[in-house]
Amino acid sequence: MDKPVSMKIPAGPGPLVDPFARQITYLRLSVTDRCDLRCTYCMEENVRFVPRNQLLTLEELDRLAASFIALGVRKIRLTGGEPLVRKGVIWLVEQLSRHLESGALDELTLTSNGTQLSRFAGQLADAGVKRINISLDTRDPQKFSDITRRGDLSTVLAGIDAALAAGLKVKINMVAIRDFNDDEIADMMTWAHEKGMDLTLIEVMPFGDGERWLPNLFSLEDVRAKLGERFTFEELPVSTGGPARYVKVRETGGRLGLITPMSGNFCEGCNRIRVTCRGRLYQCLGHETFVDLRAAVQQHADDEALIDAIRSAIAAKPEGHDFEQRRRCGVPGARRDMSATGG
Ligand code: SAM
Ligand code: SF4
């Protein structure tokens, strides 16, 4: 069971700094746990969603985001579930874009499965979104339908084209799964780079049904070594403030990112926190403790209680996750779906 953490520390001025001297500047805000796909590594087929009356309203999400920005958050990523299935999400993006205009926020972005982008890409670009991550694990229509349990690949490919046509910079996220899509990685990379998109590979993490894929986990260092037989990599000193390490691929001119939560050091320098659509602040993807911000958002007209609760949560941010250690010890992964935490 998830456990709320309670630790009282005073509200006050100054940025959010955790006990390991990491400044929190990046908020991943889940606007819904619902999704029009059911990716097998992300959620169970008959997933039970959060009751609608427990969801924060769009106005509450806006207020929450503003409090984080006041505390020094410079980048917000809307996620989910699928953020673009939340009714009114474009209103929220438009509201949040005021912080881009004021200079308080450096970036407002989304992670999306791409199914709704043909409809929304133009509106996102108009609201100030410049970049978007789109998840795509395979370009084989049957495999796409299998891994998402229902998806139509052509809809997502059209969504990607719509995003590019709207002027959005696109990064493709591909969860790498042995014996499922490992034979497609090189093609996915050249395809993405030809279209001017970066590609990031992600190791599958033990969430919900994701545990079922752990035997198919493989180290992205092995993938990199295999790709290295065909491509030349130049190390890039790029720090996105995130867990991805990037290389430039000389033959294509594009960038390849590797996110290695299972096999590589992922937590050092972590500057991020996650807030779910019901207002739970998870300090770390790999831990089950959270601080519930909902009461502070809903019951107090002023922001003091909310800021107090946010600071308490940051004071309890763990140093890092322990997926690999737990796997070696046979301890199950986090007992929630990725979609519930906000990927
Ligand atoms: N629906 C959107 C999407 O698919 O991009 C946003 C939410 S999704 C939870 C965010 C990211 O988490 C996606 O790139 C997805 O592939 C990734 N993800 C989900 N479950 C995962 C798991 N068990 N291991 C690694 N990545 C996972
Ligand atoms: Fe939906 Fe994204 Fe999870 Fe797939 S990874 S089920 S698209 S939330």
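Just follow the structure's listing: the first ligand is 1, and inside any ligand the first atom is 1. All residue numbers refer to positions in the sequence shown, counting from 1.
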For ligand 1, which atoms have a heavy atom of [X] less than 4.0 angstrom away?
X: Thr79; value: 6 (C), 7 (C)
X: Val204; value: 24 (N), 25 (C)
X: Asn173; value: 14 (O)
X: Asn113; value: 2 (C), 3 (C), 4 (O), 5 (O)
X: Val175; value: 16 (O), 26 (N)

- Query: Given that the side chain starts at C-beta and the backbone is N, CA, C, O, which of these parts of Cys39 lies under 4.0 Å from ligand 2, counting heavy atoms, or is it both or neither?
  - Reply: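 For Cys39, backbone and side-chain atoms both sit under 4.0 Å from ligand 2.
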- Message: Please determine whether any non-hydrogen atom of Ser30 lies less than 4.0 Å from an atom of ligand 1.
- Response: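 Flag not set, Ser30 not near ligand 1.
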- Query: Could a heavy atom of Met174 be found less than 4.0 Å from some atom of ligand 1?
  - Reply: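 Contact absent.
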- Task: Consider every N or O of Pro83 and every N or O of ligand 1, then say whether any pair is closer than 3.5 Å.
- Result: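 For ligand 1, there is no N or O atom that lies under 3.5 Å from one belonging to Pro83.
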- Task: May I ask you to check whether Glu82 has an N/O atom sitting below 3.5 Å from an N/O atom of ligand 1?
- Result: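 N/O-N/O distance under 3.5 Å: yes.
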- Item | Heavy-atom proximity to atom 1 (N) of ligand 1, best of Gly80, Ser135, Cys35, Gly81 |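 It is Gly81 whose heavy atom sits nearest to atom 1 (N) of ligand 1.
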- In ligand 2, which numbered atoms sit nearer than 4.0 Å to a non-hydrogen atom of Gly81?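 Those atoms are 8 (S).
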- Could you tell me which residues satisfy side chain to side chain donor-acceptor pair (under 3.5 Å) with Gln123, sequence neighbours excluded, listed by chain and number?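 Gln123 satisfies side chain to side chain donor-acceptor pair (under 3.5 Å) with no other residue.
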- Task: Please identify each residue that fulfils side chain to side chain donor-acceptor pair (under 3.5 Å) with Glu229, with sequence neighbours left out.
- Result: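 Glu229: no side chain to side chain donor-acceptor pair (under 3.5 Å) contacts found.
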- Task: Check Thr111 against ligand 1 and report side chain, backbone, both or neither, counting heavy atoms closer than 4.0 Å.
- Result: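 It is both parts that get close, each with some atom under 4.0 Å.
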- Proximity to ligand 1 by part of Ser112, non-hydrogen separation under 4.0 Å: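 Looking at Ser112 and ligand 1, just backbone atoms fall under 4.0 Å.
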- Message: Looking at ligand 2, would Gly80 count as a contact under a 4.0 Å heavy-atom criterion?
- Response: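 No.
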- Task: Could you check Glu203 against Arg224 for salt bridge (charged side-chain N to carboxylate O under 4.0 Å, His left out), going step by step and ending with a plain yes or no?
- Result: CA-CA 12 Å; Glu203 285 174 350; Arg224 185 185 150 138; over 6 Å; no
- Message: I need the minimum non-hydrogen distance between Asp182 and Asp179, along with the two atoms involved.
- Response: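 Heavy atoms only, the tightest pair is OD1-N, 3.2 Å.
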Geometric cation-pi criterion, [X] with [Y]: 6.0 Å, 45°:
X: Arg274; Y: Tyr282; answer: no
X: Arg255; Y: Tyr246; answer: yes
X: Lys248; Y: Phe233; answer: no

- Message: Taking N, O or S atoms only and a limit of 2.8 Å, check whether Cys42 reaches atom 3 (Fe) of ligand 2.
- Response: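 So Cys42 does bind atom 3 (Fe) of ligand 2 by this criterion.
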- Would you indicate whether the side-chain heavy atoms of Val93 and Leu96 approach each other to under 4.5 Å?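 Not in contact.
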- Please step through salt bridge (charged side-chain N to carboxylate O under 4.0 Å, His left out) for the pair Glu107 and Arg131, ending with a clear verdict. CA-CA 9 Å; Glu107 184 167 26; Arg131 300 193 302 162; 2.8 Å; yes
- Task: Begin with the C-alpha distance, continue with both residues' side-chain angles, and end with the deciding distance and a verdict on salt bridge (charged side-chain N to carboxylate O under 4.0 Å, His left out) for Arg63 and Asp303.
- Result: CA-CA 9 Å; Arg63 183 170 161 221; Asp303 288 338; 2.9 Å; yes
